[in-house]
Amino acid sequence: MIFKRIAELSILAQIAAATWLLSGMVDWCLFVMMWIAVIGFAAVLLNYVYSKDNERFLFSQPFFLSGVFILILTLIQALNPALRVLQMESFTRVSKIDYIKFLPSGVDAPFESINTWWGLIFILIIVLSASTSYIVFKNSKFTRRALLFFALNCVAMSLFAIAQKYFNAPAIYWEFNTEADYYGTFFLSNAAAIYLDFGVAVSVVLFFLKPLNFEGSFRCFLRRTFYFILALICAAGSFYSGSTGGLFVLIAIILIFILVVIYTALVKKASQFVAIGVSFCTFVAILITSLILFFTCQKQGMFASKYVSLIESSLNSRSDIRMVATDVAGQNFFYGVGANGFRYYAAPAAMSMQNHGFAGAPKAFERPHCEVLQYFVEYGIVGFSAIFFAFCAYIKRLADRRRLLQTGNLVLLLSLTVVFAYSFFEVYFHITSTAVVFAVLCMACLTSFNPVIKSAKRKKRV
């Protein structure tokens, strides 16, 4: 059906937009990504109407229903602001206004400042893109093509970012005139590094598309070599960004790759128990060796004192921000402060806490640098419960399909888990491109990338 093809093309277009449209953090880029998501989802709906192929029924999925609930909650926040923000030439004025107190509330700020309406469009893009991906990714062949398309886009962006930084070129499209640490098509180097880490993970998934056979054909060897080169280019771009967080995630993905190769090699020669045991021991040995090397180098002064002091300063400042965020969350426990509203509540909270002995500077913090905490601050216990419900429903869906999943699914899932874990220290899921791609890749984890192999195994057992 033509509508299914349109939906598939929308996912490819969204991947390209996420890679090249300034991380989706400029208003016109955000609207382009929104219309791509709307067109793709409309094609899915039309495919439901005109086709009998309803193997994956979207509207009964808990994560879709949770997304719709968050959308409604954000819409009410946008229509019921509790604060009004006026940006003057040299200062910003925040004043309280009348609002319906028993309903969720947001902040009435300029759209380009990333307000509650921005948050509504942001959530809309994620929900619609993830929903469309869930439907079209039931086609394993298209899923493989989409992953390859994403990896190639990341490779192109990595090469562009390396050249841009090396030649000290201006930001792409000359869109920014700020001191932002842009890298490639992203306005922050740490966000770009995580995006390129996604590219590394997907390239590794492509490497494991077929069972690892060390006696395979030359054609298979060339294919794996090609995917390995893609991973290396993305890794080079991530490393060259200079992002500490991106480096940690990159090392974790490399470690995942090594352990999966060891496990795959051993499981053919020995029992599964032995393969798991050796892989786990290898992981522990690498971890212990890394810690010994780190503390040895630190003791001998091999790390620059400036770099160590910078890390300590960053950790201390983020600890102060989280104290402020926790205080704001406690005062707005039920509904939260509204999407993207934290920055406007942070400064008064910091000043109030300083009067009671808080040592941090009372400045307008942008983010608490902990995604779980920020979403709790923005949506309160009501919205956060819906997000947690969607998370649990997704885990259950993975568990239900565990027998259909393969090595590539495991590699991708572990890589996404690493990114999710590191989001407790960063703001990756409030950047449009990284959030959308994370959601799309989560849907890809539910797909058996190579169902032919599974069916062949079943025939052999019979």
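Hydrogens, waters and symmetry mates play no part in the numbers below; they use all other heavy atoms, side chains included. Predicted model, so just to flag it, every value in this text is computed and none were measured.
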#### Entry: Atom pair CG/OH of Asp197 and Tyr422 - distance to nearest 0.5 Å
10.5 Å
### Task
Taking atom CZ of Phe228 as the centre, report whether more than 12 heavy atoms of other residues, nucleotides or ligands fall under 6.0 Å from it.
no
### Query
Any donor and acceptor pair, going by atom type alone, linking the side chain of Gln14 with main-chain N or O of Met33 inside 3.5 Å?
yes
### Minimum heavy-atom distance Ala435-Ile126, with the two atoms named
CB-CD1, 3.7 Å
### Message
Looking at Thr225 and Phe221, would you say the former's side chain and the latter's main chain have a donor-acceptor pair under 3.5 Å?
### Response
yes
#### Entry: Partners meeting side chain to side chain donor-acceptor pair (under 3.5 Å) with Asp108 (sequence neighbours left out)
Arg84
### Query
Are any of the side-chain heavy atoms of Tyr379 and Leu73 separated by less than 4.5 Å?
yes
### Query
Are any side-chain N or O atoms of Thr143 and backbone N or O atoms of Phe137, one a donor and one an acceptor, separated by less than 3.5 Å?
yes
### Query
Is a side-chain donor or acceptor of Lys165 paired with a backbone partner of Tyr240 at a separation under 3.5 angstrom?
yes
### Query
Taking only residues two or more places apart in sequence, or in another chain, which ones meet Ser415 in a side chain to side chain donor-acceptor pair (under 3.5 Å)?
none
### Message
How about CZ on Phe142, more than 12 heavy atoms from neighbouring residues, nucleotides or ligands closer than 6.0 Å, or not?
### Response
yes
### Query
For Phe207 and Phe257, what are the C-alpha separation, side-chain angles and deciding distance, and is it a ring-ring contact (aromatic ring centres under 6.0 Å, His included)?
CA-CA 10 Å; Phe207 183 91; Phe257 173 76; 5.4 Å; yes
### Message
Looking at Glu378 and Gly341, would you say the former's side chain and the latter's main chain have a donor-acceptor pair under 3.5 Å?
### Response
no
### Candidate pair Val337 and Val107, rule side-chain contact (heavy atoms from CB on, under 4.5 Å), full reasoning
CA-CA 8 Å; Val337 300; Val107 176; 5.9 Å; no
### Query
Between Tyr50 and Phe3, is the gap from one ring center to the other below 6.0 Å?
yes
### Message
Tell me whether Asp27 contacts the main-chain N or O of Phe111 through its side chain, where contact means a donor paired with an acceptor under 3.5 Å.
### Response
no
### Query
Is a side-chain donor or acceptor of Ser23 paired with a backbone partner of Phe186 at a separation under 3.5 angstrom?
no
### Message
Pair Ile121, Phe31 - check side-chain contact (heavy atoms from CB on, under 4.5 Å), show working.
### Response
CA-CA 8 Å; Ile121 297 175; Phe31 282 115; 3.5 Å; yes
### Query
Any luck finding a side-chain donor-acceptor pair between Thr19 and Tyr195 under 3.5 Å?
yes
### Message
Please evaluate residues Ile135 and Met443 with respect to the criterion side-chain contact (heavy atoms from CB on, under 4.5 Å), reporting the C-alpha separation (whole Å), side-chain torsions for both, the decisive distance (0.1 Å), and the verdict.
### Response
CA-CA 9 Å; Ile135 298 301; Met443 295 299 106; over 6 Å; no
### Query
Less than 6.0 Å separating the ring centroids of His430 and Tyr375?
yes
## Note on the structure
Residues Leu230 and Ala151: closest non-hydrogen pair is CD1-CB, 4.3 Å
### Nearest-0.5 Å distance that lies between atom CZ in Arg397 and atom CD in Gln61
5.0 Å
### Query
Which heavy atom of Ala201 sits nearest a heavy atom of Val411, and at what distance?
O-CG1, 4.4 Å
### Message
If you count every heavy atom of other residues, nucleotides or ligands that lies below 6.0 Å from Ile2 atom CD1, does the total exceed 12?
### Response
no
### Query
Side chains of Phe63 and Phe391: does their closest heavy-atom pair fall under 4.5 Å?
no
### Ser131 and Val127, any side-chain heavy atoms less than 4.5 Å apart
yes
#### Entry: Rounded distance (nearest 0.5 Å) linking atom CD1 of Ile70 with atom CG of Leu65
12.0 Å
### Query
Is there side-chain contact between Val155 and Phe160, with heavy atoms separated by less than 4.5 Å?
no
### Task
Kindly indicate whether the side chain of Phe69, heavy atoms from C-beta on, has any atom under 4.5 Å from the side chain of Ser385.
no
### Task
Enter the distance from Ser158:OG to Leu232:CG here, rounded to the nearest 0.5 Å.
10.5 Å
### Query
For Trp118 and Asn115, which heavy atoms make the closest approach, and how far apart are they?
N-OD1, 3.0 Å
### Message
Between Tyr134 and Phe64, does the side-chain contact (heavy atoms from CB on, under 4.5 Å) criterion hold? Intermediate values first, please.
### Response
CA-CA 10 Å; Tyr134 176 74; Phe64 174 75; over 6 Å; no
#### Entry: Sidechain-backbone polar pair: Gln406 side chain, Leu209 backbone, donor-acceptor under 3.5 Å
no
### Message
Would you say that Cys370 contacts Phe425 through its side chain, given a criterion of any heavy-atom pair below 4.5 Å between the two side chains?
### Response
no
### Task
Could you check if a side-chain atom of Val418 sits within less than 4.5 angstrom of a side-chain atom of Ile253, using non-hydrogen atoms only?
no
### Spacing of CD1 belonging to Ile11 relative to CD1 belonging to Ile36, to within rounding of 0.5 Å
10.0 Å
### Query
Can you check whether Phe420 reaches Tyr428 side chain to side chain, under 4.5 Å on heavy atoms?
no
### Query
Is the backbone of Ile431 close enough, under 3.5 Å, to the side chain of Thr434 for a donor and an acceptor to pair up by distance?
yes
### Message
Check this for me: Phe239, atom CZ, are more than 12 non-hydrogen atoms of other residues, nucleotides or ligands nearer than 6.0 Å?
### Response
no
### Message
For a quick test of reading the model, state the closest non-hydrogen atom pair linking Ser238 to Ala193 and the distance between them.
### Response
OG-O, 3.4 Å
### Query
Where do Ala7 and Thr132 come nearest, in terms of heavy atoms and distance?
O-CG2, 3.8 Å
### Query
How many angstroms lie between CG in Leu255 and CG in Leu414, if you round to the nearest 0.5 Å?
10.0 Å
### Query
Can any side-chain N or O of Asn190 pair as donor or acceptor with the backbone N or O of Ser243 at less than 3.5 Å?
no
